[in-house]
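These notes concern the structure reproduced below.
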Number of protein chains: 2
Amino acid sequence: MTGQVRTVDGRVAGRRGQATRQKLLDCLGEMLSTSPYRDVKVIDVARKAGTSPATFYQYFPDVEGAVLELAEEMAKEGANLTDLVADRSWAGKSGAAASEDLVEGFLSFWRKHDAILRVVDLGAAEGDKRFYKIRMKILNSVTNSLTDAVKEQQAKGRIDDDLNPGAIAGSLVAMLAAVAAHQKGFQSWGVKQADLRPSLSWLVHLGVTGRKPPK
Amino acid sequence: MTGQVRTVDGRVAGRRGQATRQKLLDCLGEMLSTSPYRDVKVIDVARKAGTSPATFYQYFPDVEGAVLELAEEMAKEGANLTDLVADRSWAGKSGAAASEDLVEGFLSFWRKHDAILRVVDLGAAEGDKRFYKIRMKILNSVTNSLTDAVKEQQAKGRIDDDLNPGAIAGSLVAMLAAVAAHQKGFQSWGVKQADLRPSLSWLVHLGVTGRKPPK
DNA sequence: ACTTGTCCTGTCATGCCGTCAGCTTACCGA
DNA sequence: TCGGTAAGCTGACGGCATGACAGGACAAGT
């Protein structure tokens, strides 16, 4: 399905080529987590990977292209986030557990991939469709599942029918993503990591069911 | 209080100098809203302002320095956002109005300054303290007021005392900022602009008071 | 007109970008 | 074993942004 990995000039990459390519990606990922996106230079990535800039351009059109590749990899893993919401009951205690698991899964995923997610967020916010698509891919599955959950609660009359389930779910997911992105920020603010999770779960539960979780 | 505007090499800027400086800032702001941050070059800004790159470097150490300046300007305006929350009653109908006004004010502020706010967000997420400080300055006033509101509700027993008011307020504000940043994203997703506001107000009201707003 | 201090620009060294031709290496069939 | 072929890599180059400087243009006061 993925076809073959190809160089910019159309050749198919063999074992060695794929290895160099991967090494470049790894080094890029590392650089992104240690220096600002704007300052990541092709030459630095190449040097770090023990190769020349020209080699970089054989596999990627530019830095952005390589970042997109990294992001795609991550998005595949992110698809698993659906499992955090799908087929979960939002009633009673299990509802509380559902929101807690969702929050926990989200935060740890973000912590793991924070460097690339920052760049993806920026690209998406700047209107780049390719980045936006990737962001969707990650958030969409969660959002859709959450949307269904909200609809169910609407059917039970717990949430006003005038409210758009997609808007609620989307806002909640955006909240999770934003808080996750600024996790470090919160703590230098006096809010401890440990205080964050319960509050988020509480908010998510409220948003989905319209009710506070049981103690 | 701000003292005098100074050039990089320490001279004080006169009338003409300040005008050029401001023109450069304006042009930079414009560029930021039309092209990706990573691609904004000093030479383009200078050309757009009808001057030379050397002039740019007389007033700013680099592009980032100029962006910081723009951000500071914006932050001053953002301080007014406090008025949206301070001294508001969260009881009954007026509580519903409070959350609506907050959401509306927030979204429009973000819409107005989206280009710079994107960069500030990125800088803050990347851990740059200067950007983080600015982000705080804007969000802090709102967050603090919201925190107080949450505390009041806690005193009335409507919100679990175990929850950290700062974490709740911070999360809500993060949600507003995130949704505002991706306003355009939502609509290409099938969620209309008009659906967003009521859902957000509903969530904010729920988060602050623990109760649904009256119809 | 002269002086003073502000303001702008021409120019230059440096370093990164992105591309190409050409060299080396690995694989494969005869 | 031995070419042949395609993959893989790099040195080198023109082009452009960066950032520094010194000197010229300009306005304002005397």
Please report the distance, rounded to the nearest Å, between [atom1] in [X] and [atom2] in [N].
X: B/Y59; N: D/dG19; atom1: OH; atom2: C1'; result: 17 Å
X: B/Y57; N: C/dG10; atom1: OH; atom2: P; result: 16 Å
X: B/R38; N: C/dC16; atom1: CZ; atom2: C1'; result: 12 Å
X: A/R47; N: D/dT10; atom1: CZ; atom2: P; result: 13 Å
X: A/D9; N: D/dG8; atom1: CG; atom2: P; result: 10 Å
X: B/I43; N: D/dA20; atom1: CD1; atom2: P; result: 16 Å
X: A/Q18; N: C/dC27; atom1: CD; atom2: P; result: 14 Å
X: B/D39; N: D/dC16; atom1: CG; atom2: P; result: 16 Å

Looking only at side chains, do A/T82 and A/S141 share a donor and an acceptor under 3.5 Å apart?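 Side chains of A/T82 and A/S141: pair found under 3.5 Å.
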
Does either side chain, that of A/H113 or that of A/E77, offer a donor lying less than 3.5 Å from an acceptor on the other one?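 A pair is found: one side chain offers a donor N or O, the other an acceptor, under 3.5 Å apart.
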
Check for me whether B/R38 meets the cation-pi criterion with A/Y37, that is, NZ or CZ under 6.0 Å from the six-membered ring centre and within 45 degrees of the ring axis. yes

Is it true that B/K48 and B/D44 have a side-chain N and a carboxylate O under 4.0 angstrom from each other?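 So B/K48 does not pair with B/D44 through a salt bridge.
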
By nearest-heavy-atom nucleotide on DNA chain C, the more 5' of B/P53 and A/K41 is B/P53

Can you find a side chain N or O atom of [X] that sits less than 4.0 Å from OP1 or OP2 on [N]?
X: A/T7; N: D/dG8; answer: no
X: A/R21; N: D/dG8; answer: no
X: B/T55; N: C/dT9; answer: yes
X: B/T20; N: C/dC8; answer: yes
X: B/T51; N: C/dT9; answer: yes

When we call it a touch if two heavy atoms are under 4.0 Å apart, what does A/F60 touch: a base, just sugar-phosphate, or nothing?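 Contact class for A/F60: none.
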
Need one value for A/R16: base, sugar-phosphate or nothing, where a base atom within 4.0 Å counts as base even if backbone is also close, heavy atoms only.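 It contacts sugar-phosphate atoms only.
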
Is a donor on one side and an acceptor on the other found under 3.5 Å between the side chain of A/T20 and the backbone of A/R16? yes

Test your reading of the model: is there a side-chain donor-acceptor pair from A/R135 to the backbone of A/A124, 3.5 Å cut-off? no

As a test of reading the structure: which of [options] is closest to the side chain of [X], going by heavy atoms?
X: A/V42; options: C/dG18, D/dC9, D/dG19; result: C/dG18
X: B/S52; options: C/dT9, D/dA7, C/dC27; result: C/dT9
X: A/Q58; options: D/dA17, D/dG11, D/dC9; result: D/dC9
X: B/D62; options: D/dG11, D/dG19, D/dA7; result: D/dG19
X: A/R11; options: D/dG8, D/dG19, C/dT19; result: D/dG8

